[in-house]
Amino acid sequence: MDLLLDGFQTALTPENLLFAALGVLLGTAVGVLPGIGPAMTLALLLPVTYSVGADSAIIMFAGIYYGGMYGGSTTSILLNTPGESSSVITAIEGNKMAKAGRAAQALATAAIGSFVAGSIATVLLWIVTPQVADIVVTLGSPSYFALMVLALFAVTAVLGSSKLRGFIALFLGLAIGLVGTSTGQARLTFGEPLLADGIDIVVVAVALFAIGEALWVAAHLRRKPLEIIPVGQPWMSRADWGRSWKPWLRGTAYGFPFGALPAGGAELPTFLSYATEKKLSKHPEEFGKGAIEGVAGPEAANNASAAGTLVPLLALGLPTTATAAIMLVALQGYGFQTGPTLMDDHPDLVWGLLASLFVANALLLVLNLPMAPLWAKLLRIPRPYLYAGILFFASLGAYSVNFQAFDLAILLVLGVLGFFMRRFGIPVLPLIIGVILGPKLEDQLTTALKISEGDVSTLWSEPVAVVVYGVMALLLTAMAFAGLRKPSAGNVPTEEKEMVER
Amino acid sequence: MHRPGRGLTALVVALVLAAVASGCGVTRGSDDPSNRRLRMMIPNSVGGGYDLTGRAAARAMEDNDLTGRFEITNVQGASGTVAMQRLVNEKGADDLMMLMGLGVVGAVYTNKSSATPLKMTPIARLVEEQEGILVPADSPFETVDDLVEAWREDPGGLTVGGGSSNGGPDHLFPMQLADTIGVDPKQVNYISYDGGGPLTTALLGAKIDVGMSGLGEFEGQIEDGKLRVLAVSGEQRLDGVDAPTLTESGVNLVFTNWRGVLAPPGISAEQREYLTDLLTEMHDTPEWRDALEANGWTDNFATGSEFEEFLAEQDDRVADTLKELGLA
């Protein structure tokens, strides 16, 4: 406790507060831009930061990290252009809310949810970091494989009412996920070295959401009268609060452990959260049309996972994301021995960082909440200008990753795919999940089988894996029973609607 | 009303990133005739090994006014193959250098690209990093001999992890090691992890028998006794690491992961000399010495025919290893 108070003392000096604010602003800005992520920003800032103190630099980095996690949601909601892979899910419901005139509420639930999740996760970080670190490394590929199978299983919840269309989308996604040479074999690369690393998930998401939609709007602009986006309330209503707080907590519960797991990541918990909220919601009919739960849960999950990432980083010196890896490089640059001894050797630095996470979180809320109604007005820009802006933004993001014109071509091709998916009512979400999950699932499976020299029983050789398969068996039985009692009611009407919607 | 808001955000980001990307924003005198702009191409992402080396070298040159400002571009794709292709396309360009190293040589072969290192103009070799053989603290292997024995007994049963994909240094090293001790490289059970972090996790959790990688990312774990180093791969022992070299342990192999600088093919002899002199001057700066120390790189500077012959020898060796494995 004393250590924590000392930490706050470090974090709350005017200088460090300034660095935290700078980090949060910068992080939000780069989170907003697709293509430029927090990892790249930190790497570019690295040489500059060596001229300031270690604590200030690390505090600023933490601000950038949290800010980036949050910033991605703003463009997801307003422009249907996710800036980061972890905010892709936010775009699904968030943008629908925005179109229904509820942008301010979507932004607010994202901001408050991020704050709540970030704060709870930071507290968890204070409590568990010293203890759990040694446990997380005992999880091997079999456990991760099981967790990902569970996630794939959860996908059935988001397939939409037409299972056929849902599976078409899922398999399209898995096919896109195959592109690359990561297995040692060139698959679907057409001999093109630019495709060797696969297609970036942000490019896929931006193309399907933003470009696809822009093409769709362009194709209908003349035939359909312009829908005026209603202005709506500037703040969250009581009902919004009531519908948001549980998803925030559940999102945190998903996000933190996945972040702490070395191969967990920030995307997996966002769509587990989405699937859960869709199942549990009292307003399942709103999903696909702007359900606030679908924004609150995933946004909480991605922020909580950002905090979780710091568990292995601080306790073991293990970077589990690109951003964490660069923070580690920075610590080493300052001459700190990163590793299991960091917490004992430099408690002031570690606790200063933990305290500053809390500060960064509070700053994010203060900065972003008043902005929500202002941002929401962005949508009142006349459609042609708005979509021109979206297209510019999307192209800039895709191009700035690598300065390759080729990436723009990919963006356009996938954009056309997005247009036709809309035309034929094929849901986008299963595709995105396929692109993210497919390669991970394959990677864990091949690693597990290579280590066991092809012995399949390795897949249930770890306790976590056994538990996960057990849970899946239970869920399946429960679903089978529920299916027997209620023979598929209410599917047909929504399907009709969805076709028009998407 | 609010579009300027967004424009402003974008502008601020652009300014900050531009200022950062181009160094620290200090203007320099331009009276020096050799003061001109150069471009540097980095074949992997920001923050990676080539990137850190390239940016450190560029900074040492800028800070000492050896030349003008550098424009640094990260060209990612297929572990450097894309960048090598771009270097070929820039044939004759007299303002371009590219960072590369052993991993890029391997990637060119595994991706079956025609833009091979020998087509380029070699300028200088800058640094090298030794590979280490790592085992978890409670591993039954105490020495390299133990490992060699177990490996010969059951070549496919020993799981070897590394932080690079096929053709990268952590993949080439165990293959050449196996070949040296009489184990068929094709039988080596190599498991590729996405960099040092995941490899550390696998080692700490004892998911694999042995890990092979540069030691920079493992310092903390080694210091703490959670991981042990059986041997290092260089000619001499590594400062601060209590482990013998392979040759000391009776294995006749010296292997290092090196990085150097190439220029496009078809540049003039004067231009090649200019770039060589520039890097030689850079090599003598205190900034470069500091960078070497801070990053734990070993200096193995070489230029001219020495680097040229080295490059040819490495190219040959990598091609042999990968062809034997059926990967090239």
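Here is how names work: the chains are called A, B, and so on, in the same order as the sequence lines, proteins then strands, and each is numbered from 1. Only heavy atoms go into these numbers, but all of them, side chains included; no hydrogens, no water, no symmetry mates.
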Tell me, for B:Tyr190 versus chain A, whether the close heavy atoms (under 4.5 Å) come from the side chain, the backbone, both or neither. backbone
Between CG of A:Asp197 and OG of B:Ser165, what distance do you get to the nearest 0.5 Å? 8.5 Å
Check each atom of A:Leu139 against the heavy atoms of chain B and say whether the ones under 4.5 Å are side chain, backbone, both or neither. backbone
Out of curiosity, B:Asp194 CG to A:Asp443 CG, how far, rounded to the nearest 0.5 Å? 8.0 Å
Let me know if B:Lys226 has heavy atoms under 4.5 Å from chain A in its side chain, its backbone, both or neither. side chain
Among B:Gly205, B:Ala78, B:Ser192, the residue with the most heavy-atom pairs under 4.5 Å to chain A is B:Ala78
Taking atom CD of B:Gln76 and atom CG of A:Leu194, what is their separation to the nearest 0.5 Å? 11.5 Å
Among B:Val82, B:Ile222, B:Asn166, residue most engaged with chain A (heavy-atom pairs, under 4.5 Å): B:Val82
Side chain, backbone, both or neither: which part of B:Glu219 has a non-hydrogen atom closer than 4.5 Å to chain A? both
When you compare the side chain of A:Lys450 with that of B:Thr159, does any pair of heavy atoms fall below 4.5 Å? no
With B:Arg289, which residues qualify under side chain to side chain donor-acceptor pair (under 3.5 Å), at least two apart? none
Tell me, for A:Ile451 versus chain B, whether the close heavy atoms (under 4.5 Å) come from the side chain, the backbone, both or neither. both
Can you tell which part of B:Ser113 gets under 4.5 Å to a heavy atom of chain A, answering side chain, backbone, both or neither? neither
Does B:Asn89 have more than 12 heavy atoms from other residues, nucleotides or ligands lying within 6.0 Å of its CG? yes
